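First comes the structure, then the notes that go with it.
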Amino acid sequence: MKVYNTITGQKEEFKTQEPGEVKMYVCGLTVQNYSHIGHVRGAINYDVIRRYLRHKGYDVNYIQNFTDINEKIVKRAEEEGMAPMELAEKYSNAYINDLKRLNVEMPDEFCRVSENIDKIIEIIETLISKGHAYESEGNVYFSVESFDDYGKLSGRNVDEMEAGSRVEVDENKKHPMDFALWKSYENDPTWDSPWGKGWPGWHIECSAMSMKYLGGSIDIHGGGTDLVFPHHENEIAQSEAYSGEKPFVKYWLHNGTVDMSGEKMSKSIGNTYWTKDLLEDFSSDEIRYYILTKHYRSPINFSIEELKNSSRSLKRLISTLGQLDKVIDNYKKNRDNDFIQEDFIDVIKSHRTEFEEAMDDDFNTAKAISVLHGLSKEINSFINSSDFKPNDNNIFILKEARRLFRTFADVLGLKLEPDLVGFEDREKFSKIMEILIDAREEARDNNYYDLADKIRDDLDKINIRLKDTPRGTTWEYTGDERDDS
RNA sequence: GGCGGCGUCGCCAAGUGGUAAGGCAGAGGACUGCAAAUCCUUUAUCGGCGGUUCAAAUCCGCCCGCCGCCUCCA
C-alpha cells in the first residue's frame with residue numbers, strides 16, 4: 001500500500017511503527033458554527049481511509065479534536081448571547097450529528113482543548129526550559145530560530161518569508177515568525193498558568209493531544225491542505241522540540257479544499273453550503289459518493305448541479321444491488337442446475353483485486369468506484385442474460401457477488417439502499433404494491449393497455465416506478481425527482 | 001515576491017514512460033404491447049511550443065490560463 005506523504009512530496013510504502021496498528025490523528029474544527037461541505041469532505045475522506053485500513057486488517061486508533069476555545073469562539077458566543085463553552089458544546093454536538101447523518105464513524109475519541117490544558121502547560125514549560133520558547137508579557141512564544149528543521153513540511157524558509165508583510169508583527173515576538181503557545185487573556189474563559197491567566201495558542205493543542213492520546217510518534221496525521229502552513233508546520237516544531245523524538249508524524253496526509261465556482265468556500269465570502277442544509281436535499285450516500293468520486297487530494301469545485309449529476313450515477317449501483325437482492329430473496333429451491341457459469345467467480349475475484357489495488361494506491365476512491373461500476377455491469381449482464389436461471393449454483397455465485405459488492409460499499413461508507421422516505425412501513429406497503437401490480441398484470445393480459453399504463457403513470461407521478469422484467473414486474477421508489485432548473 | 005497545485009471527450013473524473021478507465025449527457029441497436037430498467041455498439045491524443053526517449057497525457061524547459069497557501073480556516 002502506498003500513501004502520499006506531504007512532507008516528502010511522494011507516494012511512500014505504508015509501514016506502521018507497530019505492526020498491525022495505526023495511530024491516526026485528524027485535525028477537527030473550531031466549533032464556532034455549523035459545519036459546511038468543506039469540513040465534512042475531510043471527515044468523509046479520513047473516514048474512508050480509516051475504514052480501508054481496517055479492511056486491510058489494521059487496528060486503527062483514530063483521534064479527532066475540537067478546538068473549543070479561542071478568540072473566534074468568544075466572539076461568536078457574544079453574537080449568539082451565550083457562554084463560550086456553551087457555544088462550543090452546541091456546535092460540537094451539531095457537528096457530531098452531521099457526521100452521524102453522513103454515516104461517518106465516530107473517532108475512538110474526540111478530544112477538546114479545554115480538557116487538556118494541563119498537558120499543554122506541561123509541554124510549554126518543557127519548551128521554555130529547553131530554550132525553544134520564551135515568555136513575554138504573560139504570553140509564551142515558540143522561537144522558530146531555535147528549531148533547525150522549521151519549514152520542512154511546507155518547504156518554506158524562515159528568512160524568505162515576508163512575515164508581517166500583511167499582518168502587523170506582535171512586538172513581543174523576537175522573530176516575526178514566532179508563534180504563540182500561550183496567550184494572556186483576562187476575561188473568562190481563562191485558565192491559570194505559570195504565566196498568568198490565559199489560554200493556549202492554536203497550534204499547541206494538537207501536539208499535546210496527539211501525544212497524550214496516541215503516544216509520542218504517530219503514523220498518520222491528517223487535515224486540510226490549508227493547514228499545512230502554519231498549523232502543521234508549527235505542530236512539528238513544537239512536538240519535536242519538546243520530545244526530541246523525530247519524526248513526530250510519519251505520514252502527513254492532506255485533503256483538498258472544497259471551492260465554490262473557482263473560489264475557496266469561506267465564511268467571509270459568504271458562499272457556504274452548510275452540511276445540515278445539504279442533508280435536507282441529499283442522502284448521505286449522495287454526498288459521500290460525490291466526494292469520493294474525486295481523489296481526496298484534489299480540490300473539489302462544488303456545485304449542486306454536479307451533485308445531482310453524480311446522484312444519477314450512484315443510482316446505477318443502488319439499482320444493481322436492488323436487483324441482486326430481489327433475485328436472491330425470491331429464489332426458491334430448485335434442482336435445475338444445468339446453467340452454471342463458473343467463470344463468473346473469476347470475474348468477481350478480479351474485481352476484488354482491482355478495487356484493492358486502487359485503494360492501495362493512495363486511497364484512490366475515484367478509481368475504486370469505477371471498479372464498482374464494472375462489477376455492477378457484470379452482475380447486471382449475468383442476471384439479465386437470456387439464459388440465466390436462478391438455480392442453486394447461480395444463486396450461490398450471486399451471493400458471493402453481493403457480499404463483495406457490500407464489502408466495497410462498506411469501505412466507502414455507502415449504504416446503497418433505495419430511498420424509502422415516506423415508506424417506513426415497507427412490508428405493508430409492499431403488499432399493497434403487489435395487489436396493484438397483480439391488477440395491472442391482469443389488465444395487460446386482457447389487452448387493457450390504457451388502464452395498465454394509467455396505473456404505471458400514476459404511480460410514477462408519486463415516484464414509484466414499475467419495471468416489467470422477464471421474471472415479472474418490480475417496483476422501486478425513485479426518490480423525489482429534483483428539478484434541474 | 002516566495003512555496004505548492006491544477007489545465008484529460010459536452011460535463012464530472014481516473015491515469016506519472018509503453019500507446020487514453022469509469023460515470024453523466026448524446027447517438028444507434030436489442031429487449032418491451034408501449035415504456036422504464038438492463039445489455040450491446042459508438043464519441044478524446046490529453047492548454048500551447050520545444051526538448052529527452054525506440055516510446056510521453058505521463059520526464060525536462062519555456063509560455064498561456066486557473067487556483068491554494070504565505071493571515072483564522074477542513
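Chain naming here is simple, since letters A, B, ... match the order of the sequence lines and numbering starts at 1 in each. Predicted model, so just to flag it, every value in this text is computed and none were measured.
Residues A/N380 and A/T320 have side chains that bring a donor and an acceptor to within less than 3.5 angstrom of each other. Under the 3.5 Å distance criterion, with hydrogens and angles disregarded, a donor-acceptor pair is assigned to the side chains of A/R41 and A/N45. Side-chain contact annotation: A/E233 with A/H203, donor-acceptor N/O pair under 3.5 Å absent. In summary, the side chains of A/D360 and A/Y52 do present a donor paired with an acceptor at a separation below 3.5 Å, with no hydrogens or angles considered.
For B/U58 and B/G18, the C1' atoms lie 11 Å apart once the distance is rounded to whole Å. Atom P of B/G10 sits at a distance of 23 Å from the matching atom of B/U16, rounded to the whole Å. Annotation: B/A20 and B/U42 have their P atoms spaced 14 Å apart (nearest Å). Straight-line distance between the P atoms of B/U38 and B/U19: roughly 31 Å, to the nearest whole Å. Comparing the C1' positions of B/C46 and B/A56 gives an interatomic distance of 11 Å, to the nearest angstrom. Nucleotides B/G15 and B/U53 place their P atoms 28 Å apart, quoted to the nearest Å. Between B/U8 and B/G48, the two C1' atoms lie 15 Å apart (nearest whole Å). As rounded to the nearest Å, B/C63 and B/A21 have P atoms that lie 33 Å from one another.
A/S298 comes within contact range of the sugar-phosphate backbone alone, with a heavy-atom separation under 4.0 Å but no base atom that close. Within 4.0 Å (heavy atoms only), A/S154 reaches sugar-phosphate atoms of the nucleic acid but no base atom. Nucleic acid contact for A/D468: base, since at least one base atom lies under 4.0 Å from a heavy atom of the residue. At the heavy-atom level, A/G28 lies under 4.0 Å from the strands shown only through sugar-phosphate atoms. Nucleic acid contact class of A/R297 (heavy atoms, under 4.0 Å, all strands): none. When heavy atoms are screened at a 4.0 angstrom cut-off, A/N364 is found touching the sugar-phosphate backbone but no base atom. Within 4.0 Å of A/G224, counting heavy atoms only, lie sugar-phosphate atoms of the nucleic acid but no base atom. In this structure, A/R76 reaches neither bases nor backbone, as no heavy-atom distance under 4.0 Å exists between it and the strands shown. Residue A/L466 is in base contact, counting any heavy-atom pair closer than 4.0 Å across all strands shown. Residue A/H254 is out of contact with every strand shown, counting any heavy-atom pair closer than 4.0 Å. Within 4.0 Å of A/S370, counting heavy atoms only, lies at least one base atom of the nucleic acid.
Under 4.0 angstrom from either OP1 or OP2 of B/G22 there lies no side-chain N or O belonging to A/H373. A sub-4.0 Å separation between OP1 or OP2 of B/C12 and a side-chain N or O of A/N309 is absent. Phosphate contact (OP1/OP2 of B/G23, side-chain N/O of A/K315, threshold under 4.0 Å): absent. Under 4.0 angstrom from either OP1 or OP2 of B/G22 there lies no side-chain N or O belonging to A/K377. At the phosphate of B/C24, OP1 or OP2 sits under 4.0 Å from a side-chain N or O atom of A/R316.
Atom-to-atom, CG of A/D360 to P of B/A14 comes out at 18 Å; the value is rounded to the nearest Å. Nucleotide B/C72 holds its C1' atom 18 Å from the CD1 atom of A/I204, rounded to whole Å. Rounded to whole Å, the distance from NZ on A/K294 to P on B/G15 is 14 Å. Between the NZ atom of A/K367 and the P atom of B/U16 there is a distance of 7 Å, rounded to whole Å. The separation between A/I287 atom CD1 and B/A74 atom C1' is 16 Å, rounded to whole Å. For the pair A/K467 NZ and B/C31 P, the computed distance is 20 Å after rounding to whole Å. Separating the NZ atom of A/K75 from the P atom of B/C72 is a distance of 15 Å, rounded to the nearest angstrom. As a whole-Å value, the separation of A/Y95 OH from B/A74 P is 9 Å.
Checking B/A36, B/G33, B/U38 against the side-chain heavy atoms of A/R465 singles out B/A36 as nearest. Considering only the side chain of A/F229, B/C69 comes nearest among B/C69, B/U16, B/U38. Checking B/U38, B/A74, B/A14 against every side-chain atom of A/A366, the shortest atom distance belongs to B/A14. For A/E306, the side-chain atoms get nearest to B/C12 when compared with the rest of B/A14, B/C12, B/A74. The side chain of A/R156 approaches B/G2 more closely than any other nucleotide in the set B/G2, B/C34, B/A74. Residue A/R440 has its side chain nearest to B/C34 when only B/C24, B/C34, B/A37 are considered. Considering only the side chain of A/R444, B/C34 comes nearest among B/A25, B/A14, B/C34.
Between A/Y251 and A/F14, the two ring planes are tilted [angle within 30° to 60°].
Toward the 5′ end of RNA chain B lies the nearest nucleotide of A/V371, the other residue of the pair A/G42 and A/V371 mapping further downstream. Summary of the strand contacts: A/C27 and A/N384 both lie near RNA chain B, and taking for each the nucleotide with the nearest heavy atom, the more 5' one is attributed to A/N384.
A cation-pi contact links A/K294 to A/Y290, judged by a cut-off of 6.0 Å to the six-membered ring centre and 45° from its axis. Both tests pass for A/K276 against the ring of A/Y34: distance under 6.0 Å to the centre and angle within 45° of the axis.
Heavy-atom neighbours of A/E80 CD from other residues, nucleotides or ligands within 6.0 Å: above the threshold of 12.
The only option from A/I291, A/L314, A/L278 that meets the side-chain contact (heavy atoms from CB on, under 4.5 Å) definition with A/E286 turns out to be A/L314.
The closest side-chain heavy-atom distance from A/H295 to A/D362 is below 4.5 Å. With a 4.5 Å cut-off on side-chain heavy atoms, A/Y185 and A/N187 count as touching.
Between the base of B/G68 and the side chain of A/D259 there is no donor-acceptor pair shorter than 3.5 Å. For A/R456 against B/A35, a side-chain-to-base donor-acceptor contact under 3.5 Å is present.
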Watson-Crick or G-U pairs under 3.5 Å in RNA chain B, rendered as dot-bracket with [ ] for crossing pairs and | for another strand: ((((((((.[[[..)..(...]]].(((((.......)))))....[[[[[..)....]]]]])))))))....

